[in-house]
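Structure, as structure tokens:
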Amino acid sequence: MLYHLESTVSHSVRRMATLHKPSLTGKSPTAIVMLNMGGPSTVSETYGFLKNLFMDGDLIPLPFQRVLAPLIAKRRTPQIEKQYADIGGGSPILKYTEMQGAGMCELLDELHPETAPHKPYVAFRYANPLTQETAQRMKADGVKRAIAFTQYPQYSCSTTGSSLNELFRRGRAGEMGDIEWSVIDRWGTHPGFIEAVAQNIEAALAKFQPSARSDVVILFSAHSLPMSVVNRGDPYVLEVSASVNAVMDRLGHSNPYRLVWQSQVGPSAWMGMQTGEAIKGLARLGKKEAILVPIAFTSDHIETLYELDLEYMKEGKELGMELHRAESLNGSPVFIRALADITAQHLRNFSARTIGPTSVQMGLRCPGCKNMTCGQQKHWFARAGRS
Ligand SMILES: C=CC1=C(C)c2cc3[nH]c(cc4nc(cc5[nH]c(cc1n2)c(C)c5CCC(=O)O)C(CCC(=O)O)=C4C)c(C)c3C=C
Ligand code: FES
Ligand SMILES: [Fe+2]
């Protein structure tokens, strides 16, 4: 499916304010809660971010988590602080999420006026604004209807699953008031998302000489997963692969490509092949032109700006390669339009009761899941979040 909407979208996005304006009608807003991990907006917030991350038993189950998490976070802080300093002094994720949310809600008011006004809320798992704070704001705003909208295109229990578990804990504790919930839990093959990624790839390919262009290797790079998570039946690897396949279909399979995995942490086994090793391997095989494409995260972060741009680009250059990176989606108007389309379609189908509060796929726990919260969370959202 083609997206010929860019001009209308950029017009709309140009008009939008950074934060969506509240309704003048006094009607309670439909909340679109944008779930993501977040990142430290300033270097000094790095320790707090890492501490929250290592405290998350849904991401990294540790023995004596409350004791060990702050210690591990403290040990990693100097190295990660340096990386955030090197990419400009912090993570841009809040800036881009607010921009995407404001643009999306402005379009949504036009696409689905029945549920207007739509108001974006950001709920980060490890950085401000944390889910708890957002829950309080939603309660104060008198929200009665909300969509939990994951900002991870592909589902993993370590990312979207963790955010939903946290939202469930807050909801069950009554921190948000009485809200009717539904969930957009994955959208890795949505045509608008695929189009936005494909356009960024085309822009990166255009940097090569026309004669060399069709030989350029497209290296899709996604954050890796520990094999223990893959092996308990997590859907992420399958879903990232589906995104890659859809992008390559859209590009007419114009170039050779691979899906590779980055950002392993610690000594355990992780999903491979590692992005850095793949670059070295291509150079060894005489493949000297490649582009790197972030496919599992929608805004810039240390893995794009530090790991891909600073580390791997440098490595590739030293090996005599010409490497470019496809931009992250960030403020892409095509992407913002896709977010609005995904939500409008969800609202339409939900009102018509052709879908339930969650996808069918979300109802299935990983066959190897031993985390009781996952089961309770799925049950709670399936009953539209009403306790
Ligand atoms: C879709 C993306 C991600 C998946 C899947 C994911 C799984 C995952 N991550 C860890 C451990 C860490 N991740 C860290 C940082 C980090 N992770 C993602 C994305 C995914 N993680 C991003 C975008 C970031 C960086 C944020 C930024 O602003 O750049 C970190 C902290 C950094 C560090 O100490 O190196 C850890 C630790 C696990 C264990 C995991 C799956 C179980
Ligand atoms: S770990 Fe996947 S459902 Fe619990
Ligand atoms: Fe991670």
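Counting starts at 1 for both ligands and their atoms, in listed order. As the structure is a computational prediction, the values presented were derived from the model and not from experiment.
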Would you mind running through ligand 1 and noting each atom that sits below 4.0 Å from a heavy atom of [X]?
X      : result
Tyr84  : 26 (C), 27 (C), 28 (O), 29 (O)
Ala296 : 1 (C)
Phe297 : 23 (C)
Leu225 : 5 (C), 41 (C)
Arg76  : 33 (C), 34 (O), 35 (O)
His301 : 23 (C), 27 (C), 28 (O), 29 (O)
Thr159 : 3 (C), 4 (C), 5 (C), 6 (C)
Ile302 : 27 (C), 28 (O), 29 (O)

Protein N/O/S count near the Fe ion (ligand 3) (criterion: distance under 2.8 Å): 1
Gap between atom CZ of Phe193 and atom OG1 of Thr298 - 0.5 Å precision: 8.0 Å
Worked check of side-chain hydrogen bond (donor to acceptor under 3.5 Å, both in side chains) between Ser156 and Asp234: CA-CA 6 Å; Ser156 169; Asp234 192 275; 3.2 Å; yes
Glu327 atom CD, over 12 foreign heavy atoms within 6.0 Å: no
Crowding at CZ, Arg258 (>12 non-hydrogen neighbours, <6.0 Å): no
Plane angle bin for Trp181 and Trp380 - parallel if under 30°, tilted between 30 and 60°, otherwise perpendicular: tilted
Qualifying residue, where the test is side chain to side chain donor-acceptor pair (under 3.5 Å) with Thr150 and the options are Asp185, Thr160, Thr159: Thr160
[X] and [Y] ion-paired at < 4.0 Å:
X      : Y      : result
Lys144 : Glu180 : no
Glu322 : Lys288 : no
Arg250 : Glu202 : yes
Arg325 : Asp300 : yes

Tyr155 touching ligand 1 at heavy-atom level, < 4.0 angstrom: no
Non-hydrogen atom of Leu50 closer than 4.0 Å to ligand 1: yes
Check against side chain to side chain contact (heavy atoms under 4.5 Å, CB included), Cys366 and Cys157: CA-CA 9 Å; Cys366 299; Cys157 295; 3.5 Å; yes
Tell me the protein heavy atom at minimum distance from [atom], and give that distance in Å.
atom                    : result
atom 40 (C) of ligand 1 : Leu59 CD1, 3.5 Å
atom 14 (C) of ligand 1 : Leu53 CD1, 3.9 Å
atom 8 (C) of ligand 1  : His223 CE1, 3.5 Å
atom 24 (C) of ligand 1 : Glu303 OE2, 3.2 Å
atom 41 (C) of ligand 1 : Pro226 CD, 3.4 Å
atom 11 (C) of ligand 1 : Val265 CG2, 4.0 Å
atom 38 (C) of ligand 1 : Trp270 CH2, 3.6 Å

Donor-acceptor contact present, side-chain Asn231 to main-chain Met227, <3.5 Å: yes
Side chain Asp109, main chain Pro117, donor-acceptor under 3.5 Å: no
Heavy-atom side-chain proximity of Met321 to Glu289 below 4.5 angstrom: no
Heavy-atom check, side chain of Val240 versus side chain of Trp261, under 4.5 Å: yes
Stacked cation flag Arg353 on Phe350, 6.0 angstrom / 45 deg: yes
Phe208 six-ring centre to Arg213 NZ/CZ under 6.0 Å and within 45° of normal: no
Option from Val293, Ile279, Ile291, Leu323 for which side chain to side chain contact (heavy atoms under 4.5 Å, CB included) with Leu219 holds: Ile279
Side chain to side chain contact (heavy atoms under 4.5 Å, CB included) partner of Tyr121, the single match among Thr131, Asp141, Ile147: Asp141
Contact partition for Met37 relative to ligand 1, non-hydrogen atoms under 4.0 Å: side chain
Ile60, portion touching ligand 1 at heavy-atom distance under 4.0 Å: side chain
Protein N/O/S count near atom 4 (Fe) of ligand 2 (criterion: distance under 2.8 Å): 2
